[in-house]
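For reference, the structure discussed in these notes is given below.
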Amino acid sequence: MHPPKNVVGAVGSAPGARVRLGNRWHAEGAYVYQQDAEESESANNVKGLDALFGGHGKRERFGILGHPSYNGGFPSVPPGGLIKELTLSLENELLAQRFRRTHELEALGHRPYGSRFDYTHTVPQLWKEHGEKNAEALEATKIAARVCGRIQSIRGKGKAGFMHIEHCGEKLQVYVKIDLLSEDGFKLYQLLDIGDTIGVEGTLFRTRTGEFSIQAAKLTFLSKTLLSMPEKFHGLEDVETRVRQRYLDLIANLDVRKTFVARAKVVQSLRRQLDERGFIEVETPMMQPLYGGAAARPFVTHHNTLDLDLYLRIAPELYLKRLIVGGMDRVYEINRNFRNEGISIQHNPEFTMLEFYQAFTDYEGLMDFTVELLRQTAIDVTGGTTVQFGDHTLDFSNIRRFTMREAVLEFWPGDNKPSMENLQDAEWVKARGGKHTPGESLVELFERYVEKNLIQPTIIYEYPVEVSPLSMRNRRDPAFVDRFEIFCAGMEIGNAYTELNDPNEQRKRFEQQLGMKERGDEEAHQMDEDYVRALCYGMPPTAGEGIGIDRLTMLLTNSRSIRDVILFPLLRPEGEIHIASLLRSVEADAPSGV
RNA sequence: GGGCGCGUAGCUCAAUUGGCAGAGCAACUGACUCUUAAUCAGUAGGUUGAAGGUUCGAUUCCUUCCGCGCUCACCA
């Protein structure tokens, strides 16, 4: 017959005791069980319990799942009742095993946690300095090194073995041989688990199969892993786990680190380019009594002492322009914005934006600057001006420019293309776009037909005034403003315009927004009187721009989702983790005298 | 928020029409002194996301809930 995993018989209980089974459940009440004499396989489970929890006198602290037909659920198993399944969590078992191993390490004279290790090289440094040398050169010079890292793999060979350790994103093979280590050193090697962090002192060499490696003369134990690492071949693929436990993602998938290094380079490059041009980096409030600078719904928070509701900023724009009024001609800020909107492959509720403002220029000046800024950033991050993104090769050295109306004509689907005269006809545009105003309708047509087709970096300019409450009107055509956006891979990555600096005009725009708000537009601007007051002191002609750092990073790292470029994107909470009680139970069952 | 899909061992995945839940890696025991997805022999590991329903019997069918993904809406 099929080996049963059942243990039969529950006798006695100790009500009030707190028990755990597996890694999920606990219940009031505890049970002593006995194995069914007829089911010999069940004895394995009992033995397993003994081995795991230290045996005698401990068992009664562990619960057993009751058979539903008797009690409708845990924990009211009647004495002698049928017990469905005795489950021991594997995770629990592994954890207990490794927890015990910390004591074995201590018995050998090692600290399972906390030793300092002064390495002579990081692994990448070692590769850079010596990784090209051939076997003879390495043999002749016997270069000594101390390196450290997390164990990625172990291949034991009896009295010798190989490991790969990883440090700073790169791996190095370690060769251990009993002859070359002290007896205790080899014992330590035998206690190592994948995921432990160790230090290695030894000499560099090349193995018979040609791999650059270090031959260990001494191992130092540095940090113990209690949980098992993801599988070595496939790595960690579950998207949810990768994002929730980013640390594990970084351990298991070394390329993830490269993405975030690239992200740091994006910020570095932009910062350097702005600094070189005399821009001053500033920080403006993230908690604002009024929100503005973009069309979005805000998050609300509260300051207790002032008893004041505050908004997490949706944009720093209005503060940065106050600084322009104050004579800080060139300012920029790189920081988070918060928008209480949906989450998608391109949207995270908090995202990073560069905003910069330059006095005495206009949007055309910024267009030229932007072209250079993006080109140079691509070079700084990837080494060239073309980058692979999915099936496309994006070329940052050749950025096209269309007016919005030209783009709508250019990308209009099918043969029945409208004429420029059609697009200049307010009624025609309203009829096709279906919005209240011609401007909003034109944007609707743009978003419907054009946006997703803008794969190569492209500048779109001449925006309708209705969707641009902070931009300066075009002098020739007051229905439009002096504004452009940058698109790439179907995404908007930047937005820039000549700033509206006429206070009375700004007052009217705010009032127009208030009207929209009354009609139910939750994203319309609030009236910001202090901002209008600042403009009343006179703001020099200015142009400003915002560039989405997350999206730009996506482009330069070939990442399809914004979650791939944000270390900890917003997720729903995952529920109980139970690691604390797991550790508690493992510690309680560890041998005393620790 | 709407629609579609997914959730099985620590990880990566199977499971025929509804019929005894399996494999590889990781772990444990043993062998192996240049391996590299090491190999060989053995062992253990599961409330099949949760609760309920249908059924003699549910990983499988139904309902609800939780989490995730894709997509639409909103937005950058």
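Values in this document were obtained by computation on a predicted structure and should not be read as measured data. To find a chain, count down the sequence lines: A is the first, B the second, and so on, and within it residues start at 1.
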Base paired to [N] (Watson-Crick or G-U; both N/O distances under 3.5 angstrom):
N: B:U8; answer: none
N: B:U48; answer: none
N: B:C70; answer: B:G3
N: B:U60; answer: none
N: B:G18; answer: none
N: B:A31; answer: B:U39
N: B:U55; answer: none
N: B:A26; answer: none

Using atom [atom1] of [X] as one end and atom [atom2] of [N] as the other, report the distance to the nearest whole Å.
X: A:E231; N: B:A14; atom1: CD; atom2: C1'; result: 15 Å
X: A:N340; N: B:G1; atom1: CG; atom2: C1'; result: 13 Å
X: A:E237; N: B:G24; atom1: CD; atom2: P; result: 19 Å
X: A:L138; N: B:C34; atom1: CG; atom2: P; result: 19 Å
X: A:F205; N: B:U35; atom1: CZ; atom2: C1'; result: 10 Å
X: A:E317; N: B:A76; atom1: CD; atom2: P; result: 12 Å
X: A:F351; N: B:C74; atom1: CZ; atom2: C1'; result: 13 Å
X: A:I343; N: B:A73; atom1: CD1; atom2: C1'; result: 14 Å

Quick one: label [X] by what it contacts on the DNA or RNA (base, sugar-phosphate, nothing), any heavy atom closer than 4.0 Å.
X: A:R551; answer: base
X: A:F338; answer: nothing
X: A:I345; answer: sugar-phosphate
X: A:G548; answer: nothing
X: A:A252; answer: nothing
X: A:L236; answer: sugar-phosphate
X: A:N348; answer: base
X: A:R101; answer: sugar-phosphate
X: A:D179; answer: base

Among [options], which nucleotide sits nearest the side chain of [X]?
X: A:K159; options: B:U33, B:A27, B:A76; answer: B:U33
X: A:E240; options: B:G67, B:C34, B:A26; answer: B:G67
X: A:Q173; options: B:C28, B:U35, B:C74; answer: B:U35
X: A:R339; options: B:C11, B:A76, B:C34; answer: B:A76
X: A:R244; options: B:G67, B:G24, B:C34; answer: B:G67
X: A:K157; options: B:C11, B:A26, B:U35; answer: B:U35
X: A:A295; options: B:U12, B:A76, B:C34; answer: B:A76

**Request:** Examine A:Y291 together with A:Y311 and report whether their ring centres are nearer than 6.0 Å.
**Result:** yes
Please state the [atom1] separation for the pair [N] and [M] - nearest whole angstrom.
N: B:G45; M: B:U33; atom1: P; result: 32 Å
N: B:G18; M: B:C11; atom1: C1'; result: 30 Å
N: B:C32; M: B:G49; atom1: C1'; result: 43 Å
N: B:U47; M: B:C4; atom1: P; result: 31 Å
N: B:U60; M: B:A76; atom1: C1'; result: 44 Å
N: B:C65; M: B:G3; atom1: P; result: 11 Å
N: B:U48; M: B:A9; atom1: C1'; result: 10 Å
N: B:G5; M: B:U63; atom1: P; result: 11 Å

So, does [X] get its side chain near the phosphate of [N], meaning an N or O under 4.0 Å from OP1 or OP2?
X: A:R572; N: B:C68; result: yes
X: A:R155; N: B:C25; result: no
X: A:K232; N: B:A26; result: yes

**Asked** Listed by chain and number, what are the salt bridge (charged side-chain N to carboxylate O under 4.0 Å, His left out) partners of A:D196, not counting sequence neighbours?
**Response** A:K224
**Message:** Would A:R246 pass as a cation-pi partner of A:F568, given that its NZ or CZ must be under 6.0 Å from the six-membered ring centre and within 45 degrees of the axis?
**Reply:** no
Checking the side chain of [X] only, and the main-chain atoms of [Y] only, is there a donor and an acceptor separated by less than 3.5 Å?
X: A:D238; Y: A:T241; answer: yes
X: A:R263; Y: A:D550; answer: no
X: A:N253; Y: A:L236; answer: yes
X: A:N558; Y: A:G390; answer: yes

**Request:** Take A:E485 and A:T207, find for each the nucleotide of RNA chain B with the closest heavy atom, and name the residue whose nucleotide sits nearer the 5' end.
**Result:** A:T207
**5' precedence on RNA chain B between A:G156 and A:Y175 (nearest-nucleotide basis)** = A:Y175
**Message:** Any donor-acceptor pair, under 3.5 Å, between the side chain of A:E211 and the base of B:U35, if you only look at N and O atoms?
**Reply:** no
**Prompt:** Just wondering, do A:F233 and B:G24 stack (centres under 5.5 Å, planes under 30°)?
**Reply:** no
**Item:** Ion pair A:R313/A:E333, N-O distance below 4.0 Å
**Value:** yes
**Message:** Is the ring pair A:F299/A:F338 parallel, tilted or perpendicular, if the boundaries are 30 and 60 degrees?
**Reply:** perpendicular
**Asked** Can you say whether the rings of A:Y189 and A:F186 are parallel (under 30°), tilted (30 to 60°) or perpendicular (over 60°)?
**Response** tilted
